[in-house]
Student: 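Handing you a structure now.
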Amino acid sequence: MLDIAFIRENPELVKDVARRRKTAVDVDALLALDNDLRATRRHADDLRAEQNRLSKAIRDAGADKEARDGFIAQGRGVAAELKDLEPRERELEASLRELLLLTPNIPDASVPEGESEDDNVEVKRVGEPRQFDFEPLDHVTLLTNLGMLDLERGAKVGGSRSYILKGEAVFLELALMQFALHHVARKGFLPLDVPAMAREFCFIGNSQFPRGREQTYALPEDDVFLVGTAEVSITGMHSGEILREQDLPIKYVGYSPCYRREAGTYGKDTKGIMRVHQFYKVEQYIICRADHEESARWHEELLRVAEEIVVALELPYRVLNLCVADLGDAKVKGYDIECWVPSEGRYRETHSDSYFHDYQARRADIRYRGEDGVVRYVHTLNNTALASTRAIIALVENHQQADGRIRIPTALRPWLGGQEYLGKAWR
RNA sequence: GGAAGGGUGGCCGAGUGGUUUAAGGCGCCGCUCUCGAAAAGCGGUGCGCCUGAAAGGGCGCCGCGGGUUCGAAUCCCGCCCCUUCCGCCA
């Protein structure tokens, strides 16, 4: 959420940003509401001031029945006026907030212009796609033949985009999560196992709602929703709090299942476990002071940590600087890491590194008291450390052997009891 | 799922309709005193919005949201959270 004062002072900038981000928001309507609300509130405040004066006058009138009754009669009049005005005030507040929640963030100057994901800019490419001296297979064939994946029964149980991992694939998944969790925790991030079911305010705070609400599973009986990332829960953690500057930055590494409806992706990635409704993810999260330079620095650092993980898993990858149209509403800037997927002959997204300035913090009401005593909104950032299914795809496809087994990268072996290969030869 | 109790400022805690513009204490900050510290004394100590060049002024906030009333921390309704007991349960 942007500061309403900022929008008042920079309406043309905000309109331009909305246009470039392909986001529909009526800035003029928003400003009209703001004007209306301020006028209404001023009027209501005056009435309340009058009410307070009369209230004291009634109290002080004591036994003077006549004066007292006069003040009470006046009070009734003021109360009646307020009763008309207050619902109007509340409506305006709600409408304004609704529009504010739809207003996108201001992108950084280093964000590339563009019309779609095709205009994302490759920042770097690391590692060479492996030259296979045999015909490489896709992850579905590999895992199914190793007896580690059952998509048919997965769909039978959970519907489309469901899967069942079996045997060593289960340990592989846990090993990947363990490895990522430890790698990030060693750098001073506090591990968190957060609720995967969260209340609405967490989603609004994080910017999943109101736009994107249809991507989230709702549990209406219990007034909670399934999180698509631990980021949602972590944003909710400090909602409504005023933190101490000396406690910043707060660095978390969250672990959670992730649930995504994938609404509107019918034709996309129908094969295998590239796009599924449930997976597990280790997520990096930072809360820092309201300072652009610091945010930008942590953004780069979060990228570096994620790259270390990808490098340790010996996966070829590239880094994209997301263009303004592909950035989503909330981000100031975002990098995606895409790992090489041999069966597709292209790079696929595995990580998403973002910073938000105070956009999430305003929505979630997360502030801190500076050493100077001034209370400000914090800055928030997050990046994937590792997401289970896409990591599995990249790992098994890139490290497959001619005999059908999967070579386990050295860094991951401690988490798999020292094992060098996954599965038994079948080719 | 059932029953009971509770939620007040950074913390403890008083407060059951109008001298509460939230008592008192602790903590914190400043000052006085002191070689310095402690103690003591004095003063200060929240967040948000509106208005104003500023000083200042106004409004709101006692878990959250409604309601009753001239007036609500206080009464009523709904919700959230915590504690205890019973039941169920990995």
Side-chain angles (χ1 to χ4, degrees), chain A residues 1-9 30-101 193-205 209 218-225 233 235-248 250 257 290 358 361-378:
Chain A
M1 193 158 72
L2 294 176
D3 187 350
I4 180 67
F6 177 87
I7 302 175
R8 258 178 231 148
E9 287 158 23
L30 188 152
L31 290 173
L33 271 176
D34 175 49
N35 263 322
D36 214 354
L37 173 61
R38 277 193 293 168
T40 306
R41 185 173 280 158
R42 198 168 324 148
H43 189 191
D45 278 355
D46 287 346
L47 287 173
R48 283 189 278 258
E50 176 66 10
Q51 191 170 55
N52 288 340
R53 274 191 297 275
L54 285 168
S55 177
K56 284 194 183 78
I58 292 165
R59 186 193 66 204
D60 296 338
D64 186 345
K65 193 92 169 71
E66 194 179 326
R68 193 183 157 87
D69 288 347
F71 289 135
I72 287 177
Q74 283 183 58
R76 281 207 181 98
V78 174
E81 263 191 89
L82 266 175
K83 203 163 183 170
D84 281 341
L85 209 53
E86 283 181 329
R88 172 88 184 129
E89 192 185 4
R90 279 198 292 270
E91 271 168 42
L92 287 169
E93 272 170 15
S95 306
L96 179 62
R97 181 170 170 81
E98 208 173 297
L99 283 187
L100 277 174
L101 289 177
D193 181 339
V194 295
M197 296 182 290
R199 294 206 163 84
E200 188 182 39
F201 76 87
C202 303
F203 291 82
I204 293 172
F209 291 0
L219 280 58
E221 293 288 296
D222 299 284
D223 262 331
V224 289
F225 302 82
S233 310
T235 298
M237 277 175 69
H238 295 291
S239 179
E241 296 184 12
I242 297 177
L243 306 166
R244 302 186 304 177
E245 180 164 5
Q246 69 233 53
D247 295 330
L248 301 181
I250 295 174
D358 61 8
R362 276 181 195 281
R363 291 169 159 251
D365 188 25
I366 308 170
R367 293 172 293 175
Y368 72 102
R369 190 185 310 280
E371 306 290 359
D372 55 6
V374 176
V375 174
R376 298 182 180 83
Y377 289 101
V378 298

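It should be emphasised that the depicted structure is a prediction, and the values quoted were computed from it without experimental measurement. What you see below is based on every heavy atom in this structure, not just the backbone, and it leaves out hydrogens, waters and symmetry mates. Labels below follow one simple rule: chain letters A, B, ... track the order of the sequence lines, proteins then strands, and each chain is numbered from 1.
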Student: Tell me the interatomic distance from Glu245(A), atom CD, to G10(B), atom P, rounded to whole angstroms.
Tutor: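 One finds 18 Å between P of G10(B) and CD of Glu245(A), rounded.
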Student: Between G58(B), C50(B), C47(B), which nucleotide gets closest to the side-chain atoms of Ala49(A)?
Tutor: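 Of the candidates, G58(B) comes closest.
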Student: Taking the C1' atom of each, how far is G36(B) from C26(B), in whole Å?
Tutor: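 G36(B) and C26(B) have their C1' atoms separated by 26 Å.
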Student: Output the single nucleotide from C70(B), C47(B), U68(B) whose closest atom is nearest the side chain of Arg76(A).
Tutor: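 My answer, after comparing the listed nucleotides, is C70(B).
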Student: Would you measure the distance from the C1' atom in C12(B) across to the matching atom in C28(B) and give it in whole Å?
Tutor: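 Their C1' atoms lie roughly 15 Å apart.
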Student: OP1, OP2 of G67(B) versus side-chain N and O of Arg90(A): anything below 4.0 Å?
Tutor: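 For G67(B), OP1 or OP2 has a side-chain N or O of Arg90(A) closer than 4.0 Å.
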Student: Give none if C42(B) has no partner; otherwise give the nucleotide forming a Watson-Crick or G-U wobble pair with it, both distances under 3.5 Å.
Tutor: G30(B)
Student: For Glu86(A) and Arg48(A): C-alpha separation, side-chain torsions, deciding distance, then whether side chain to side chain contact (heavy atoms under 4.5 Å, CB included) applies.
Tutor: CA-CA 11 Å; Glu86(A) 283 181 329; Arg48(A) 283 189 278 258; 2.9 Å; yes
Student: What's the CD-P distance between Glu86(A) and C59(B), to the nearest Å?
Tutor: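 So the CD-P distance, Glu86(A) to C59(B), works out to 14 Å.
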Student: Whole angstroms only, please: what is the CZ-C1' distance between Arg48(A) and U69(B)?
Tutor: 16 Å
Student: Asp34(A) pairs by side-chain contact (heavy atoms from CB on, under 4.5 Å) with which of Ile4(A), Leu92(A), Leu100(A)?
Tutor: Ile4(A)
Student: With both distances under 3.5 Å as the test, what is the Watson-Crick or G-U wobble partner of G71(B)?
Tutor: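 Checking every strand shown, G71(B) finds no partner, since no pair has both distances under 3.5 Å.
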Student: Rounded to whole Å, how long is the line connecting atom CZ of Arg369(A) with atom C1' of C47(B)?
Tutor: 8 Å
Student: Expressed in whole Å, how much space separates the P atoms belonging to U21(B) and G58(B)?
Tutor: 13 Å
Student: Measuring to OP1 and OP2 of G18(B), would you say a side-chain N or O of Asn52(A) lies under 4.0 angstrom away?
Tutor: no
Student: Hey, is the side chain of Arg59(A) poking within less than 4.0 Å of OP1 or OP2 on C70(B), counting only N and O atoms?
Tutor: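 Arg59(A) to C70(B) OP1/OP2: no side-chain N or O under 4.0 Å.
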Student: Asp45(A) has an atom CG; how far is it from atom P of C49(B), in whole Å?
Tutor: 13 Å
Student: Taking the side chain of Arg38(A) as its heavy atoms from C-beta onward, which of U51(B), C70(B), C47(B) lies nearest to it?
Tutor: U51(B)
Student: Categorize Ile58(A) for me: base, sugar-phosphate, or nothing, with a 4.0 angstrom heavy-atom threshold over every strand shown.
Tutor: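 Base contact - Ile58(A) has a heavy atom under 4.0 Å of at least one base atom.
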Student: Distance check, rounded to the nearest 0.5 Å: Glu245(A) atom CD versus Arg369(A) atom CZ?
Tutor: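 Glu245(A) CD to Arg369(A) CZ: 11.5 Å, rounded to 0.5 Å.
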Student: From C-beta outward on Arg42(A), which listed nucleotide comes closest to its side chain: C47(B), G71(B), U51(B)?
Tutor: U51(B)
Student: State the pairing partner of G1(B); accept Watson-Crick or G-U wobble contacts with both distances under 3.5 Å, and report none otherwise.
Tutor: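 G1(B) is paired, partner C86(B).
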Student: Roughly how many Å is it from CZ in Phe201(A) to C1' in G65(B), rounded to a whole number?
Tutor: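 Distance, rounded to whole Å: 15 Å.
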Student: Could you measure between the two C1' atoms, the one in C59(B) and the one in G52(B), and give it in whole Å?
Tutor: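 The answer is 15 Å between these two C1' atoms.
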Student: Quote, to the nearest angstrom, the P distance that separates C11(B) from U69(B).
Tutor: 36 Å
Student: Starting at CZ of Arg90(A), measure out to OG1 of Thr40(A) and round the result to the nearest 0.5 Å.
Tutor: 13.0 Å
Student: Tell me: CG of Asp223(A) to P of C80(B), nearest whole Å?
Tutor: 8 Å
Student: OP1 or OP2 of G71(B) versus the side-chain N and O atoms of Gln51(A): is any pair under 4.0 Å?
Tutor: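 For G71(B), OP1 or OP2 has a side-chain N or O of Gln51(A) closer than 4.0 Å.
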Student: Given Glu200(A) and Asp223(A), is the side chain to side chain contact (heavy atoms under 4.5 Å, CB included) satisfied, shown in steps?
Tutor: CA-CA 8 Å; Glu200(A) 188 182 39; Asp223(A) 262 331; over 6 Å; no
Student: When you measure from the side-chain N and O atoms of Lys83(A) to the phosphate of G67(B), is any distance below 4.0 Å, counting only OP1 and OP2?
Tutor: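 No, outside the criterion.
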Student: Here's a test of your reading of the structure: between Lys56(A) and Ala44(A), which maps to the more 5' nucleotide of RNA chain B?
Tutor: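 Final value for this comparison: Lys56(A).
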Student: Out of curiosity, His43(A) NE2 to Leu82(A) CG, how far, rounded to the nearest 0.5 Å?
Tutor: 8.0 Å
Student: Can you say whether the rings of Phe225(A) and Phe209(A) are parallel (under 30°), tilted (30 to 60°) or perpendicular (over 60°)?
Tutor: perpendicular
Student: Expressed as a whole number of Å, how far does the C1' atom of A22(B) sit from that of G60(B)?
Tutor: 15 Å
Student: What is the distance, rounded to the nearest whole Å, between atom NE2 of His43(A) and atom C1' of U51(B)?
Tutor: 16 Å
Student: Could you check which nucleotide pairs with A14(B) in any of the strands shown, counting Watson-Crick or G-U wobble with both distances under 3.5 Å?
Tutor: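 Across all strands, not a single nucleotide pairs with A14(B).
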Student: Examine the base of G18(B) for any acceptor or donor lying under 3.5 Å from a partner atom in the side chain of Arg68(A), and report the outcome as yes or no.
Tutor: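 For Arg68(A), whose side chain was compared with the base of G18(B), there is a donor-acceptor pair (under 3.5 Å).
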Student: Name the closest nucleotide to the Arg199(A) side chain, picking from C59(B), C80(B), C47(B).
Tutor: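 Closest nucleotide among those given: C80(B).
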Student: Applying a 3.5 Å limit to both distances, which nucleotide forms a Watson-Crick or G-U wobble pair with A53(B)?
Tutor: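 Looking at the geometry, A53(B) pairs with no nucleotide.
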Student: For U34(B) and G24(B), measure between their P atoms and round to the nearest Å.
Tutor: 30 Å
Student: Does Gln74(A) or Arg376(A) map to a spot on RNA chain B nearer the 5' end, using the closest nucleotide for each?
Tutor: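 Upstream on the strand: Arg376(A).
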Student: Write down the distance separating the C1' atoms in A37(B) and U45(B), rounded off to the nearest Å.
Tutor: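 Their C1' atoms lie roughly 24 Å apart.
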Student: So, taking the atom named CG in Asp45(A) and the one named CG in Leu47(A), what distance separates them when rounded to the nearest 0.5 Å?
Tutor: 9.0 Å
